[in-house]
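Presented below is the structure to which this report refers.
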Amino acid sequence: MEKMDLRPYQQEARNAVFREWDRVRRTLLVLPTGCGKTIVFAKTAEECVRRGMRVLVLAHRGELLEQASDKIAKATGLKCAVEKAEETCLGSWYRITVGSVQSMQREKRLSRFPEDYFGAIIVDEAHHCVSDGYQKVLQHFPEARVLGVTATPDRGDMRNLGEYFESLAYEYTLPKAIREGYLCPIKAMTVPLRLDLSGVGIQAGDFKSGEIATALDPYLEQIADEMARHCADRKTVVFLPLVKTSRKFCDILNRKGFRAAEVNGESRDRTAVLEGFGLGDYNVLCNSMLLTEGWDCPSVDCVVVLRPTKVRSLYSQMVGRGTRLHPGKDHLLLLDFLWHTERHELCHPADLVCENSEVTRKMTQNLEDSAGVPLDLMEAENRASEDVVAQREEALAKQLDAMKKRKQKLVDPLQFEISIQAEDLSGYVPAFGYQMAPASDSQLKTLEKFGILPDGIENAGKAEVLINRLAKRKEGGLSTPRQIRQLEGRGFRHVGTWTFDQANAMISRIAARGWRGVPPGVVPQTYVPE
(Lines give C-alpha, C1' and ligand atoms only; values in the text may rest on other atoms or scores of the structure.)
Protein backbone atom coordinates (compact mmCIF):
# COMPACT_ATOMS: atom_id res chain seq x y z
CA MET A 1 0.00 0.00 0.00
CA GLU A 2 1.30 3.43 -0.98
CA LYS A 3 1.15 5.84 1.95
CA MET A 4 -0.63 9.08 1.04
CA ASP A 5 -0.60 11.89 3.56
CA LEU A 6 -3.33 14.44 3.03
CA ARG A 7 -2.33 18.03 2.32
CA PRO A 8 -3.64 20.54 4.88
CA TYR A 9 -6.57 21.66 2.71
CA GLN A 10 -7.45 18.03 1.91
CA GLN A 11 -7.57 17.23 5.63
CA GLU A 12 -9.76 20.30 6.22
CA ALA A 13 -12.04 19.21 3.39
CA ARG A 14 -12.51 15.68 4.74
CA ASN A 15 -13.19 16.95 8.27
CA ALA A 16 -15.68 19.52 6.92
CA VAL A 17 -17.65 16.79 5.12
CA PHE A 18 -18.23 14.84 8.34
CA ARG A 19 -19.15 18.03 10.22
CA GLU A 20 -21.78 18.80 7.57
CA TRP A 21 -23.08 15.22 7.60
CA ASP A 22 -23.80 15.67 11.31
CA ARG A 23 -26.37 18.34 10.43
CA VAL A 24 -27.48 17.70 6.80
CA ARG A 25 -27.72 14.64 4.56
CA ARG A 26 -26.43 16.04 1.24
CA THR A 27 -23.33 18.23 1.02
CA LEU A 28 -20.95 19.44 -1.66
CA LEU A 29 -17.16 19.59 -1.95
CA VAL A 30 -15.50 21.89 -4.52
CA LEU A 31 -11.83 21.37 -5.42
CA PRO A 32 -10.13 22.62 -8.61
CA THR A 33 -8.82 20.12 -11.16
CA GLY A 34 -5.41 18.90 -10.02
CA CYS A 35 -6.01 19.34 -6.28
CA GLY A 36 -6.65 15.69 -5.47
CA LYS A 37 -10.40 15.44 -5.08
CA THR A 38 -10.18 11.67 -5.65
CA ILE A 39 -7.75 11.35 -2.73
CA VAL A 40 -10.10 13.36 -0.51
CA PHE A 41 -13.12 11.22 -1.25
CA ALA A 42 -11.00 8.05 -0.98
CA LYS A 43 -10.06 9.04 2.58
CA THR A 44 -13.70 10.02 3.23
CA ALA A 45 -14.83 6.57 2.05
CA GLU A 46 -12.21 4.95 4.30
CA GLU A 47 -13.60 6.77 7.35
CA CYS A 48 -17.15 5.76 6.38
CA VAL A 49 -16.07 2.11 6.29
CA ARG A 50 -14.40 2.56 9.67
CA ARG A 51 -17.78 3.76 10.96
CA GLY A 52 -19.50 0.64 9.64
CA MET A 53 -21.04 1.99 6.42
CA ARG A 54 -21.07 0.61 2.91
CA VAL A 55 -20.05 3.27 0.38
CA LEU A 56 -21.08 3.73 -3.26
CA VAL A 57 -18.87 5.87 -5.53
CA LEU A 58 -21.02 6.88 -8.48
CA ALA A 59 -19.68 8.19 -11.81
CA HIS A 60 -20.77 8.39 -15.45
CA ARG A 61 -17.61 7.18 -17.23
CA GLY A 62 -15.53 4.03 -17.00
CA GLU A 63 -12.27 5.99 -16.75
CA LEU A 64 -13.53 7.81 -13.64
CA LEU A 65 -14.54 4.53 -11.98
CA GLU A 66 -11.15 2.94 -12.72
CA GLN A 67 -9.36 6.05 -11.45
CA ALA A 68 -11.44 6.08 -8.25
CA SER A 69 -10.87 2.36 -7.59
CA ASP A 70 -7.13 2.72 -8.18
CA LYS A 71 -6.77 5.80 -5.93
CA ILE A 72 -8.85 4.24 -3.14
CA ALA A 73 -6.63 1.14 -3.20
CA LYS A 74 -3.41 3.20 -3.17
CA ALA A 75 -4.54 5.73 -0.56
CA THR A 76 -6.33 3.40 1.85
CA GLY A 77 -5.46 -0.21 1.00
CA LEU A 78 -9.17 -0.96 0.56
CA LYS A 79 -10.30 -2.84 -2.54
CA CYS A 80 -13.50 -1.93 -4.38
CA ALA A 81 -16.33 -4.01 -5.75
CA VAL A 82 -17.74 -2.98 -9.14
CA GLU A 83 -21.35 -2.38 -10.13
CA LYS A 84 -21.18 -2.16 -13.92
CA ALA A 85 -22.32 -4.27 -16.88
CA GLU A 86 -22.05 -7.94 -15.76
CA GLU A 87 -20.21 -7.19 -12.49
CA THR A 88 -22.03 -6.67 -9.18
CA CYS A 89 -21.12 -5.83 -5.61
CA LEU A 90 -23.90 -7.94 -4.10
CA GLY A 91 -22.35 -10.76 -2.09
CA SER A 92 -18.93 -9.09 -2.10
CA TRP A 93 -16.78 -8.74 1.03
CA TYR A 94 -15.67 -5.29 -0.07
CA ARG A 95 -17.36 -2.36 1.68
CA ILE A 96 -16.73 0.20 -1.10
CA THR A 97 -18.39 -0.10 -4.52
CA VAL A 98 -17.60 1.90 -7.64
CA GLY A 99 -20.71 2.05 -9.78
CA SER A 100 -21.65 3.24 -13.25
CA VAL A 101 -24.73 5.43 -13.14
CA GLN A 102 -25.81 3.99 -16.51
CA SER A 103 -25.88 0.50 -14.98
CA MET A 104 -27.16 1.45 -11.53
CA GLN A 105 -30.20 3.34 -12.80
CA ARG A 106 -31.66 0.30 -14.54
CA GLU A 107 -34.75 -0.76 -12.63
CA LYS A 108 -33.92 -4.48 -12.69
CA ARG A 109 -30.52 -3.85 -11.11
CA LEU A 110 -31.57 -1.08 -8.71
CA SER A 111 -34.48 -3.04 -7.30
CA ARG A 112 -32.09 -5.74 -6.00
CA PHE A 113 -30.65 -3.26 -3.46
CA PRO A 114 -32.41 -2.62 -0.12
CA GLU A 115 -32.96 1.11 0.53
CA ASP A 116 -30.47 1.08 3.40
CA TYR A 117 -27.76 -0.93 1.60
CA PHE A 118 -25.37 2.05 1.24
CA GLY A 119 -24.76 4.38 4.19
CA ALA A 120 -22.89 6.91 2.05
CA ILE A 121 -22.87 7.79 -1.65
CA ILE A 122 -20.07 9.82 -3.25
CA VAL A 123 -20.88 11.40 -6.62
CA ASP A 124 -17.78 12.15 -8.69
CA GLU A 125 -18.16 15.11 -11.11
CA ALA A 126 -21.24 16.13 -9.13
CA HIS A 127 -22.37 18.76 -11.64
CA HIS A 128 -23.93 15.81 -13.50
CA CYS A 129 -25.99 14.64 -10.53
CA VAL A 130 -29.10 16.74 -11.22
CA SER A 131 -29.79 14.55 -14.28
CA ASP A 132 -32.66 12.04 -14.16
CA GLY A 133 -30.36 8.98 -14.10
CA TYR A 134 -28.41 10.13 -11.06
CA GLN A 135 -31.55 11.23 -9.26
CA LYS A 136 -33.18 7.85 -9.78
CA VAL A 137 -30.24 6.13 -8.06
CA LEU A 138 -29.92 8.70 -5.26
CA GLN A 139 -33.63 8.61 -4.46
CA HIS A 140 -33.54 4.81 -4.18
CA PHE A 141 -31.30 5.21 -1.09
CA PRO A 142 -33.19 7.96 0.77
CA GLU A 143 -31.28 7.73 4.08
CA ALA A 144 -27.75 7.59 2.65
CA ARG A 145 -25.37 10.48 3.31
CA VAL A 146 -24.46 12.04 -0.06
CA LEU A 147 -21.22 13.84 -0.96
CA GLY A 148 -20.97 15.59 -4.33
CA VAL A 149 -17.46 16.32 -5.55
CA THR A 150 -16.74 18.70 -8.40
CA ALA A 151 -14.19 21.16 -9.75
CA THR A 152 -15.08 24.85 -9.60
CA PRO A 153 -18.65 25.08 -10.90
CA ASP A 154 -20.09 28.11 -12.63
CA ARG A 155 -22.86 30.12 -11.01
CA GLY A 156 -25.53 28.33 -13.04
CA ASP A 157 -24.22 24.98 -11.83
CA MET A 158 -24.25 26.15 -8.22
CA ARG A 159 -27.87 27.23 -8.50
CA ASN A 160 -28.79 23.84 -9.97
CA LEU A 161 -26.70 21.92 -7.44
CA GLY A 162 -28.22 24.03 -4.67
CA GLU A 163 -31.61 22.56 -5.51
CA TYR A 164 -30.33 19.12 -4.46
CA PHE A 165 -27.41 19.65 -2.07
CA GLU A 166 -28.19 21.27 1.26
CA SER A 167 -24.80 22.84 1.93
CA LEU A 168 -21.31 23.53 0.65
CA ALA A 169 -18.98 21.69 3.05
CA TYR A 170 -15.73 23.05 1.69
CA GLU A 171 -14.38 24.98 -1.28
CA TYR A 172 -10.73 25.34 -2.27
CA THR A 173 -10.27 27.89 -5.02
CA LEU A 174 -7.89 27.90 -7.98
CA PRO A 175 -6.22 31.20 -6.93
CA LYS A 176 -5.59 29.84 -3.43
CA ALA A 177 -4.16 26.59 -4.83
CA ILE A 178 -1.77 28.58 -7.03
CA ARG A 179 -0.77 30.93 -4.19
CA GLU A 180 -0.08 28.00 -1.85
CA GLY A 181 2.03 26.21 -4.48
CA TYR A 182 -0.22 23.19 -5.19
CA LEU A 183 -0.98 24.21 -8.81
CA CYS A 184 1.29 25.98 -11.28
CA PRO A 185 0.82 29.67 -12.20
CA ILE A 186 -1.18 30.44 -15.35
CA LYS A 187 -0.21 33.03 -17.94
CA ALA A 188 -3.01 33.97 -20.33
CA MET A 189 -2.36 35.50 -23.71
CA THR A 190 -5.06 36.98 -25.88
CA VAL A 191 -4.26 36.22 -29.52
CA PRO A 192 -5.31 39.15 -31.76
CA LEU A 193 -7.33 36.97 -34.11
CA ARG A 194 -11.04 37.80 -34.24
CA LEU A 195 -13.31 34.78 -34.57
CA ASP A 196 -16.95 35.51 -35.34
CA LEU A 197 -19.44 33.51 -33.26
CA SER A 198 -22.36 35.90 -33.71
CA GLY A 199 -24.28 33.38 -35.83
CA VAL A 200 -23.82 30.40 -33.47
CA GLY A 201 -26.95 29.24 -31.68
CA ILE A 202 -27.50 27.93 -28.15
CA GLN A 203 -28.61 24.43 -27.13
CA ALA A 204 -28.98 23.12 -23.55
CA GLY A 205 -27.39 26.31 -22.21
CA ASP A 206 -24.23 26.29 -24.34
CA PHE A 207 -23.07 26.96 -27.90
CA LYS A 208 -24.05 24.33 -30.49
CA SER A 209 -20.95 22.28 -31.29
CA GLY A 210 -21.81 21.83 -34.97
CA GLU A 211 -22.30 25.55 -35.52
CA ILE A 212 -19.07 26.37 -33.64
CA ALA A 213 -17.20 24.00 -35.97
CA THR A 214 -18.66 25.72 -39.03
CA ALA A 215 -17.75 29.16 -37.66
CA LEU A 216 -14.24 27.98 -36.69
CA ASP A 217 -13.36 26.27 -39.97
CA PRO A 218 -12.22 29.37 -41.94
CA TYR A 219 -9.75 30.31 -39.17
CA LEU A 220 -7.94 26.98 -38.62
CA GLU A 221 -4.93 27.84 -40.80
CA GLN A 222 -4.47 31.21 -39.06
CA ILE A 223 -4.84 29.60 -35.62
CA ALA A 224 -2.13 27.08 -36.51
CA ASP A 225 0.15 29.97 -37.58
CA GLU A 226 -0.45 31.71 -34.24
CA MET A 227 0.37 28.50 -32.39
CA ALA A 228 3.62 28.20 -34.36
CA ARG A 229 4.53 31.67 -33.10
CA HIS A 230 3.61 31.15 -29.46
CA CYS A 231 3.78 27.46 -28.47
CA ALA A 232 5.91 25.55 -30.98
CA ASP A 233 8.26 24.48 -28.17
CA ARG A 234 5.51 23.54 -25.70
CA LYS A 235 3.48 20.46 -24.85
CA THR A 236 0.01 21.51 -25.94
CA VAL A 237 -3.54 20.18 -25.64
CA VAL A 238 -6.15 21.62 -28.03
CA PHE A 239 -9.91 21.31 -27.38
CA LEU A 240 -12.16 21.46 -30.46
CA PRO A 241 -15.94 21.20 -30.99
CA LEU A 242 -16.24 18.14 -33.29
CA VAL A 243 -14.17 15.04 -34.09
CA LYS A 244 -13.95 15.98 -37.78
CA THR A 245 -12.69 19.46 -36.83
CA SER A 246 -10.16 17.91 -34.45
CA ARG A 247 -8.86 15.60 -37.21
CA LYS A 248 -8.68 18.42 -39.74
CA PHE A 249 -6.80 20.70 -37.35
CA CYS A 250 -4.38 17.90 -36.48
CA ASP A 251 -3.53 17.51 -40.19
CA ILE A 252 -3.00 21.28 -40.54
CA LEU A 253 -0.67 21.35 -37.53
CA ASN A 254 1.41 18.48 -38.92
CA ARG A 255 1.77 20.36 -42.22
CA LYS A 256 3.00 23.37 -40.22
CA GLY A 257 5.79 21.34 -38.60
CA PHE A 258 4.16 20.21 -35.34
CA ARG A 259 4.17 16.59 -34.18
CA ALA A 260 0.42 16.42 -33.63
CA ALA A 261 -1.88 13.51 -32.79
CA GLU A 262 -5.65 13.26 -32.47
CA VAL A 263 -7.77 11.14 -30.11
CA ASN A 264 -11.52 10.63 -29.94
CA GLY A 265 -14.02 8.24 -28.40
CA GLU A 266 -13.62 5.74 -31.22
CA SER A 267 -9.82 5.81 -31.52
CA ARG A 268 -8.60 2.21 -31.32
CA ASP A 269 -5.07 3.39 -30.58
CA ARG A 270 -6.14 5.94 -27.97
CA THR A 271 -4.13 4.41 -25.11
CA ALA A 272 -0.99 4.21 -27.27
CA VAL A 273 -1.41 7.82 -28.49
CA LEU A 274 -1.88 9.15 -24.95
CA GLU A 275 1.17 7.23 -23.76
CA GLY A 276 3.17 8.53 -26.74
CA PHE A 277 2.13 12.10 -25.95
CA GLY A 278 3.22 11.62 -22.35
CA LEU A 279 6.60 10.30 -23.51
CA GLY A 280 7.12 13.19 -25.93
CA ASP A 281 6.47 11.41 -29.24
CA TYR A 282 3.92 14.16 -30.00
CA ASN A 283 3.95 17.79 -28.88
CA VAL A 284 0.28 18.59 -29.64
CA LEU A 285 -2.78 16.54 -28.76
CA CYS A 286 -6.07 17.46 -30.46
CA ASN A 287 -9.39 16.21 -29.13
CA SER A 288 -13.10 16.91 -29.25
CA MET A 289 -13.92 17.26 -25.54
CA LEU A 290 -12.71 13.73 -24.79
CA LEU A 291 -10.01 14.78 -22.32
CA THR A 292 -12.03 17.09 -20.07
CA GLU A 293 -12.40 14.41 -17.35
CA GLY A 294 -10.43 11.41 -16.15
CA TRP A 295 -7.10 12.08 -17.94
CA ASP A 296 -3.95 13.55 -16.41
CA CYS A 297 -0.66 14.53 -18.00
CA PRO A 298 1.19 16.91 -15.62
CA SER A 299 3.81 17.88 -18.24
CA VAL A 300 1.21 19.73 -20.37
CA ASP A 301 2.27 23.39 -20.33
CA CYS A 302 -0.04 24.93 -22.94
CA VAL A 303 -3.81 24.72 -23.43
CA VAL A 304 -5.69 26.05 -26.46
CA VAL A 305 -9.48 26.22 -26.07
CA LEU A 306 -11.08 26.21 -29.53
CA ARG A 307 -14.38 25.06 -28.11
CA PRO A 308 -15.82 28.31 -26.70
CA THR A 309 -18.30 27.72 -23.88
CA LYS A 310 -20.66 29.57 -21.54
CA VAL A 311 -20.18 26.89 -18.83
CA ARG A 312 -17.49 27.81 -16.32
CA SER A 313 -17.07 24.27 -14.96
CA LEU A 314 -16.39 22.95 -18.48
CA TYR A 315 -13.91 25.74 -19.17
CA SER A 316 -12.16 25.05 -15.85
CA GLN A 317 -11.89 21.35 -16.70
CA MET A 318 -10.27 22.10 -20.07
CA VAL A 319 -7.74 24.51 -18.58
CA GLY A 320 -7.22 22.14 -15.65
CA ARG A 321 -5.49 19.65 -17.97
CA GLY A 322 -2.43 21.92 -17.71
CA THR A 323 -2.43 23.22 -14.13
CA ARG A 324 -0.67 20.31 -12.42
CA LEU A 325 2.88 20.73 -11.18
CA HIS A 326 5.75 19.10 -13.10
CA PRO A 327 9.55 19.34 -12.88
CA GLY A 328 10.88 22.14 -15.09
CA LYS A 329 7.42 23.63 -15.70
CA ASP A 330 7.15 27.15 -14.28
CA HIS A 331 3.74 28.12 -15.69
CA LEU A 332 0.89 27.09 -17.96
CA LEU A 333 0.35 29.17 -21.10
CA LEU A 334 -3.35 29.61 -21.92
CA LEU A 335 -4.08 30.93 -25.41
CA ASP A 336 -7.34 32.87 -25.70
CA PHE A 337 -8.81 34.31 -28.88
CA LEU A 338 -10.93 37.38 -29.57
CA TRP A 339 -14.24 35.54 -29.85
CA HIS A 340 -16.85 37.92 -31.24
CA THR A 341 -20.37 37.21 -30.03
CA GLU A 342 -23.19 39.72 -29.91
CA ARG A 343 -25.72 37.95 -27.73
CA HIS A 344 -24.06 35.60 -25.29
CA GLU A 345 -21.48 35.70 -22.53
CA LEU A 346 -18.71 33.15 -22.89
CA CYS A 347 -15.89 32.02 -20.62
CA HIS A 348 -12.50 33.74 -20.71
CA PRO A 349 -9.33 33.24 -18.62
CA ALA A 350 -10.66 35.83 -16.15
CA ASP A 351 -13.48 33.43 -15.22
CA LEU A 352 -10.92 31.06 -13.70
CA VAL A 353 -9.89 33.45 -10.92
CA CYS A 354 -12.58 36.15 -10.63
CA GLU A 355 -15.73 35.67 -8.56
CA ASN A 356 -17.03 39.16 -9.25
CA SER A 357 -18.57 39.74 -12.69
CA GLU A 358 -17.45 43.39 -12.72
CA VAL A 359 -13.80 42.39 -12.13
CA THR A 360 -14.13 39.60 -14.72
CA ARG A 361 -15.24 42.07 -17.40
CA LYS A 362 -12.47 44.53 -16.53
CA MET A 363 -9.79 41.81 -16.51
CA THR A 364 -10.97 40.46 -19.88
CA GLN A 365 -10.80 43.98 -21.30
CA ASN A 366 -7.28 44.46 -19.89
CA LEU A 367 -6.12 41.14 -21.39
CA GLU A 368 -7.53 42.10 -24.78
CA ASP A 369 -5.85 45.51 -24.58
CA SER A 370 -2.54 43.66 -24.01
CA ALA A 371 -3.09 41.14 -26.86
CA GLY A 372 0.03 39.21 -27.80
CA VAL A 373 1.62 39.50 -24.35
CA PRO A 374 1.36 36.65 -21.79
CA LEU A 375 0.06 38.02 -18.47
CA ASP A 376 0.09 36.22 -15.12
CA LEU A 377 -3.55 35.58 -14.17
CA MET A 378 -3.12 36.45 -10.50
CA GLU A 379 -1.38 39.75 -11.26
CA ALA A 380 -3.98 40.55 -13.93
CA GLU A 381 -6.79 39.87 -11.45
CA ASN A 382 -5.17 42.18 -8.86
CA ARG A 383 -4.87 44.96 -11.41
CA ALA A 384 -8.48 44.50 -12.57
CA SER A 385 -9.69 44.54 -8.95
CA GLU A 386 -7.81 47.79 -8.32
CA ASP A 387 -9.28 49.29 -11.50
CA VAL A 388 -12.80 48.30 -10.46
CA VAL A 389 -12.32 49.65 -6.91
CA ALA A 390 -11.09 52.96 -8.35
CA GLN A 391 -14.13 53.14 -10.63
CA ARG A 392 -16.45 52.32 -7.73
CA GLU A 393 -14.82 54.91 -5.50
CA GLU A 394 -15.29 57.55 -8.16
CA ALA A 395 -18.95 56.62 -8.55
CA LEU A 396 -19.37 56.45 -4.76
CA ALA A 397 -17.84 59.90 -4.30
CA LYS A 398 -20.50 61.31 -6.62
CA GLN A 399 -23.19 59.37 -4.75
CA LEU A 400 -21.97 60.59 -1.35
CA ASP A 401 -21.89 64.14 -2.60
CA ALA A 402 -25.52 63.79 -3.68
CA MET A 403 -26.45 62.28 -0.28
CA LYS A 404 -24.91 65.03 1.84
CA LYS A 405 -28.10 67.01 1.94
CA ARG A 406 -30.07 64.00 3.17
CA LYS A 407 -27.87 63.67 6.33
CA GLN A 408 -28.51 59.94 6.23
CA LYS A 409 -27.51 58.20 9.45
CA LEU A 410 -27.10 54.74 7.93
CA VAL A 411 -24.27 53.51 5.71
CA ASP A 412 -24.93 52.26 2.18
CA PRO A 413 -23.78 48.57 1.93
CA LEU A 414 -21.67 49.37 -1.16
CA GLN A 415 -19.79 52.10 0.72
CA PHE A 416 -19.13 49.68 3.57
CA GLU A 417 -17.92 46.92 1.20
CA ILE A 418 -15.56 49.28 -0.64
CA SER A 419 -14.28 50.79 2.60
CA ILE A 420 -13.35 47.43 4.13
CA GLN A 421 -12.12 46.20 0.71
CA ALA A 422 -14.38 43.13 0.73
CA GLU A 423 -14.58 41.74 -2.81
CA ASP A 424 -16.29 38.60 -1.50
CA LEU A 425 -19.23 40.70 -0.29
CA SER A 426 -19.63 42.84 -3.41
CA GLY A 427 -19.38 39.73 -5.62
CA TYR A 428 -21.66 37.53 -3.50
CA VAL A 429 -23.99 35.20 -5.43
CA PRO A 430 -26.47 32.98 -3.50
CA ALA A 431 -26.09 29.25 -4.18
CA PHE A 432 -28.72 27.48 -2.08
CA GLY A 433 -32.47 27.92 -1.89
CA TYR A 434 -32.63 29.50 1.56
CA GLN A 435 -29.96 32.04 0.51
CA MET A 436 -32.05 33.20 -2.45
CA ALA A 437 -35.09 34.06 -0.31
CA PRO A 438 -35.67 37.70 0.68
CA ALA A 439 -33.86 38.93 3.79
CA SER A 440 -35.95 38.38 6.94
CA ASP A 441 -37.28 41.20 9.11
CA SER A 442 -34.90 40.07 11.84
CA GLN A 443 -31.92 40.32 9.48
CA LEU A 444 -32.97 43.78 8.26
CA LYS A 445 -33.35 45.04 11.85
CA THR A 446 -29.94 43.61 12.79
CA LEU A 447 -28.29 45.33 9.82
CA GLU A 448 -29.89 48.63 10.75
CA LYS A 449 -28.74 48.18 14.35
CA PHE A 450 -25.17 47.77 13.04
CA GLY A 451 -25.61 51.00 11.07
CA ILE A 452 -26.13 49.52 7.58
CA LEU A 453 -28.89 50.76 5.27
CA PRO A 454 -30.78 47.51 4.56
CA ASP A 455 -32.80 48.67 1.54
CA GLY A 456 -30.38 47.32 -1.07
CA ILE A 457 -29.90 43.86 0.46
CA GLU A 458 -31.53 41.57 -2.11
CA ASN A 459 -31.51 38.19 -0.41
CA ALA A 460 -31.11 36.33 2.89
CA GLY A 461 -27.72 34.91 1.90
CA LYS A 462 -26.18 38.36 1.41
CA ALA A 463 -27.74 39.57 4.67
CA GLU A 464 -26.30 36.55 6.51
CA VAL A 465 -22.70 37.01 5.27
CA LEU A 466 -22.90 40.77 5.89
CA ILE A 467 -24.16 40.30 9.48
CA ASN A 468 -21.44 37.70 10.13
CA ARG A 469 -18.79 40.08 8.82
CA LEU A 470 -20.10 42.94 10.96
CA ALA A 471 -20.12 40.73 14.07
CA LYS A 472 -16.53 39.59 13.44
CA ARG A 473 -15.43 43.19 12.93
CA LYS A 474 -17.05 44.22 16.20
CA GLU A 475 -15.38 41.33 17.99
CA GLY A 476 -12.04 42.26 16.41
CA GLY A 477 -12.26 45.91 17.46
CA LEU A 478 -12.53 47.33 13.93
CA SER A 479 -14.29 50.52 12.86
CA THR A 480 -18.09 50.58 12.74
CA PRO A 481 -20.29 51.51 9.76
CA ARG A 482 -21.28 54.77 11.50
CA GLN A 483 -17.62 55.70 12.00
CA ILE A 484 -17.00 54.90 8.33
CA ARG A 485 -19.90 57.14 7.26
CA GLN A 486 -18.82 59.98 9.55
CA LEU A 487 -15.15 60.03 8.48
CA GLU A 488 -15.51 59.13 4.81
CA GLY A 489 -18.13 61.84 4.54
CA ARG A 490 -15.28 64.22 5.52
CA GLY A 491 -12.94 62.86 2.84
CA PHE A 492 -11.01 60.14 4.71
CA ARG A 493 -10.44 56.95 2.70
CA HIS A 494 -10.76 53.24 3.57
CA VAL A 495 -11.82 53.93 7.14
CA GLY A 496 -13.05 50.33 7.12
CA THR A 497 -9.43 49.21 7.52
CA TRP A 498 -9.01 51.30 10.73
CA THR A 499 -9.56 50.04 14.25
CA PHE A 500 -12.49 51.29 16.33
CA ASP A 501 -10.10 53.23 18.57
CA GLN A 502 -8.31 54.90 15.62
CA ALA A 503 -11.62 56.03 14.12
CA ASN A 504 -12.95 57.13 17.52
CA ALA A 505 -9.81 59.19 18.18
CA MET A 506 -10.17 61.10 14.89
CA ILE A 507 -13.90 61.70 15.44
CA SER A 508 -13.11 63.03 18.95
CA ARG A 509 -10.52 65.43 17.51
CA ILE A 510 -13.05 66.69 14.94
CA ALA A 511 -15.74 67.04 17.63
CA ALA A 512 -13.31 69.02 19.82
CA ARG A 513 -13.15 71.60 17.01
CA GLY A 514 -16.93 71.95 17.10
CA TRP A 515 -17.32 69.83 13.94
CA ARG A 516 -15.82 72.73 11.93
CA GLY A 517 -13.44 70.66 9.83
CA VAL A 518 -10.51 68.30 10.37
CA PRO A 519 -7.60 69.00 12.75
CA PRO A 520 -4.72 71.17 11.47
CA GLY A 521 -2.12 69.26 9.47
CA VAL A 522 -4.48 66.37 8.63
CA VAL A 523 -5.11 65.73 4.90
CA PRO A 524 -8.09 63.33 4.82
CA GLN A 525 -7.36 61.91 1.34
CA THR A 526 -3.86 60.69 2.32
CA TYR A 527 -4.22 60.27 6.09
CA VAL A 528 -3.22 56.89 7.53
CA PRO A 529 -3.70 56.39 11.30
CA GLU A 530 -0.75 55.25 13.38
Side-chain angles (χ1 to χ4, degrees), residues 355-359 362 381-428 439 443-458 462-530:
E355 291 299 322
N356 181 289
S357 57
E358 202 176 351
V359 176
K362 183 60 181 172
E381 194 271 342
N382 285 338
R383 180 191 159 192
S385 295
E386 289 170 0
D387 290 345
V388 167
V389 168
Q391 290 170 355
R392 283 184 188 157
E393 287 181 343
E394 183 180 353
L396 182 62
K398 293 177 182 176
Q399 181 183 342
L400 289 174
D401 189 55
M403 288 170 58
K404 276 182 183 177
K405 294 178 182 177
R406 293 171 58 191
K407 295 182 179 179
Q408 189 169 319
K409 293 182 179 179
L410 300 175
V411 180
D412 185 274
L414 177 60
Q415 179 185 0
F416 177 68
E417 290 158 12
I418 290 174
S419 183
I420 68 171
Q421 301 178 4
E423 285 296 319
D424 60 320
L425 288 176
S426 55
Y428 174 81
Q443 287 178 317
L444 297 178
K445 287 177 182 175
T446 301
L447 286 169
E448 195 162 335
K449 187 176 178 182
F450 272 118
I452 294 291
L453 181 68
D455 300 6
I457 305 299
E458 297 175 352
K462 178 64 176 281
E464 181 183 32
V465 296
L466 192 50
I467 289 168
N468 289 342
R469 182 63 54 85
L470 287 160
K472 284 182 180 178
R473 287 180 60 82
K474 183 177 180 181
E475 185 180 338
L478 297 173
S479 56
T480 68
R482 289 187 177 89
Q483 289 175 325
I484 291 170
R485 179 187 63 81
Q486 177 70 250
L487 291 173
E488 292 193 356
R490 294 174 182 273
F492 291 90
R493 301 185 65 192
H494 299 307
V495 180
T497 63
W498 298 16
T499 67
F500 176 89
D501 291 339
Q502 289 168 338
N504 194 50
M506 180 54 69
I507 290 171
S508 297
R509 291 174 67 187
I510 294 170
R513 293 176 51 81
W515 305 101
R516 291 190 300 273
V518 300
V522 173
V523 180
Q525 290 77 12
T526 58
Y527 178 78
V528 178
E530 294 181 1

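If you read the sequence from its start, that first residue is 1, and numbering goes on from there. Hydrogens, waters and symmetry mates are skipped; everything else that's a heavy atom, side chains included, is used. Everything quoted here is computed from the prediction, not taken from an experiment.
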Take atom CD of E458 as the centre, draw a 6.0 Å sphere, and report whether it contains more than 12 heavy atoms from other residues, nucleotides or ligands. no

Does any part of the side chain of F450, heavy atoms only, come nearer than 4.5 Å to the side chain of L466, both counted from C-beta? no

The reported gap from NZ in K449 to CD1 in I467 (rounded to nearest 0.5 angstrom) is 11.5 Å

Looking at CD1 of I484 and CD1 of I418, how far apart are the two atoms once the value is rounded to the nearest 0.5 Å? 11.5 Å

Between S479 and V495 (side chain of the first, backbone of the second, donor and acceptor by atom type, cut-off under 3.5 Å), is there such a pair? yes

How many angstroms lie between atom NZ of K462 and atom CG of L425, to the nearest 0.5 angstrom? 6.0 Å

Kindly compute the distance separating CD (Q502) from CG (L478), expressed to the nearest 0.5 Å. 9.5 Å

If we check side-chain hydrogen bond (donor to acceptor under 3.5 Å, both in side chains) with Q486, which of these qualifies: R490, R482, Q483? R490

Walk me through it: do T497 and Q421 pass the test side-chain contact (heavy atoms from CB on, under 4.5 Å)? CA-CA 8 Å; T497 63; Q421 301 178 4; 4.2 Å; yes

So CZ of F500 and CD1 of I507: to nearest 0.5 Å the spacing works out to 8.0 Å

Residues passing the salt bridge (Lys or Arg N to Asp or Glu O under 4.0 Å) test with E386, sequence neighbours excluded, are none

Pairs involving residues 467-481, ordered by first then second residue, that meet salt bridge (charged side-chain N to carboxylate O under 4.0 Å, His left out) (sequence neighbours left out): D424-R469

Min side-chain heavy-atom separation Q415-P481 under 4.5 Å: no

Shortest non-hydrogen contact between V388 and V359, atoms and distance: CG2-CA, 3.9 Å

Note: E488 and G496 closest approach over all heavy atoms is OE2-N, 4.2 Å

I452 side, atom CD1; L444 side, atom CG - distance, nearest 0.5 Å: 12.5 Å

Nearest heavy-atom neighbours spanning E393 and H494: OE2-CE1, 2.7 Å

For K362 and S385, indicate whether the former's side chain and the latter's backbone hold a donor-acceptor pair under 3.5 Å. no

If every non-hydrogen atom of I510 is compared with every non-hydrogen atom of V518, which pair is closest and at what distance? CG1-CA, 4.3 Å

For Q525 and R493, indicate whether the former's side chain and the latter's backbone hold a donor-acceptor pair under 3.5 Å. no

Provide the closest heavy-atom pair for A463 versus A439 in the form atom of the first, atom of the second, distance. CB-CB, 4.0 Å

State, with a plain yes or no, whether a side-chain heavy atom of F416 is found less than 4.5 Å away from one of L470. yes

